Amino acid sequence: MRWFVLGAMAVTVASSFVSGSPRALLLRGVVLMAALGVFLLLSVRARRPFLYEAAMTVLDQDKQRTWRRNWDEHPPFRRLVRLCSALWAAACLLDAGLRAVIVLVLPIDAVPAAELVLLLVTLAALVVVQRVFGRTFLRRHGLRMRGVEISPTAAAR
């Protein structure tokens, strides 16, 4: 997580040296979103993907213990976190591509609002798809998730 934050800061500092065209400055959001997508994709193969580590930073200590236990005891949970990380990576890369089109095609004054709408749509779609896909995936493996706790379904017991 530290490396991603440092990388984002480096991109921001580097982009501050770009001068001239307002479109070039607006492309910074494209670079940041693409970098996030690549980072998430690379983290899929890490010992623990970025989404796992990010969740750990927002969970309280009891939920962190449960999250760790889920990771250690349930291989389908590990697979799901990796798949969701790949899903988020793909969505970020798609968002970056659409963001580039927005920056290059729309009038400059319309870009910030269009980028905000794109971000909200991307995040909403990701949350809904991840929730539906995650629950379906776990059910297929005889598991269910309540809060952060994973347990076998009644049929799997």
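Every value quoted in this text rests on a predicted model; they were computed, and no experiment measured them.
The CZ atom of R135 sits 10.5 Å away from the CG atom of L80 when rounded to the nearest 0.5 Å. Atoms CG and CG, from L94 and L126 in turn, are 9.5 Å apart once rounded to the nearest 0.5 Å. Here CD1 of I150 is found 4.0 Å from CG of N70. Values are rounded to the nearest 0.5 Å. Taking NE2 from H74 and CE from M145, the interatomic distance works out to 9.0 Å, rounded to the nearest 0.5 Å. Note that CZ of R79 is 11.0 Å distant from SG of C84, once rounded to the nearest 0.5 Å. Taking CZ from R146 and OG1 from T66, the interatomic distance works out to 14.5 Å, rounded to the nearest 0.5 Å.
In terms of hydrophobic clustering, with Ile, Leu, Val, Met, Phe, Trp and Tyr side chains grouped at heavy-atom distances under 4.5 Å, L51 and V44 are assigned to different clusters. Under the 4.5 Å side-chain contact rule for hydrophobic residues, V129 and L36 share a cluster. By the criterion of side-chain heavy atoms lying less than 4.5 angstrom apart, applied directly or through intervening Ile, Leu, Val, Met, Phe, Trp or Tyr residues, L87 is grouped together with L123 in one hydrophobic cluster. Note: the hydrophobic cluster containing L27 also contains I108 (ILVMFWY, side chain heavy atoms under 4.5 Å, direct or indirect links).
Residues F133 and L83 have side chains in contact (heavy-atom distance under 4.5 Å, counting atoms from C-beta outward). Side-chain contact between L119 and R99 is present, with at least one heavy-atom pair separated by less than 4.5 Å. Within the 4.5 Å cutoff, the side chain of F137 has heavy atoms near those of the P76 side chain.
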request  = Quick one: do Y52 and R78 satisfy side chain to side chain contact (heavy atoms under 4.5 Å, CB included)? Show the steps, please.
outcome  = CA-CA 9 Å; Y52 175 90; R78 290 193 297 270; over 6 Å; no
key: Residues T57, E53; criterion side chain to side chain contact (heavy atoms under 4.5 Å, CB included); working and verdict   = CA-CA 7 Å; T57 65; E53 298 296 343; 5.9 Å; no
query = What's the verdict on side chain to side chain contact (heavy atoms under 4.5 Å, CB included) for D62 and R65, showing C-alpha distance, side-chain angles and the deciding distance?
reply = CA-CA 5 Å; D62 288 338; R65 279 190 289 278; 2.2 Å; yes
query = Between W71 and V81, does a side chain to side chain contact (heavy atoms under 4.5 Å, CB included) hold up when you go through it step by step?
reply = CA-CA 9 Å; W71 183 265; V81 173; 3.9 Å; yes
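Of all heavy-atom pairs spanning Q64 and L59, the tightest one is NE2-O, 3.0 Å. R82 and S43 get closest at one heavy-atom pair: NH1-O, 4.4 Å. L93 and A34 make their closest contact through CD2-O, 3.6 Å (heavy atoms, listed as atom of the first residue, atom of the second, distance). A pairwise comparison of heavy atoms in L40 and C92 identifies CD1-SG, 4.0 Å as the closest pair. Considering every non-hydrogen atom in both V30 and A96, the closest pair reads CG1-O, 3.6 Å. Shown here for G37 and A89, the closest heavy-atom pair between the two residues is O-CB, 3.3 Å.
For R139 (side chain) and R144 (main-chain N/O), no donor-acceptor pair under 3.5 Å exists by modelled atom type. Using a distance-only test at 3.5 Å, with no hydrogens or angles considered, no donor-acceptor pair links the side chain of D95 to the main chain of M33.
The pair K63-E149 does not meet the salt-bridge criterion, since no charged nitrogen lies less than 4.0 angstrom from a carboxylate oxygen. With respect to the salt-bridge test (charged N to carboxylate O, under 4.0 angstrom), the residues D72 and R69 do not qualify.
With V111 as reference, L26 is the one residue of L26, V105, L116 to meet the side-chain contact (heavy atoms from CB on, under 4.5 Å) rule.
For F77 and W67, the gap between ring centers is short of 6.0 Å.
Environment of CZ in R68: crowded, with over 12 heavy atoms of neighbouring residues, nucleotides or ligands closer than 6.0 Å.
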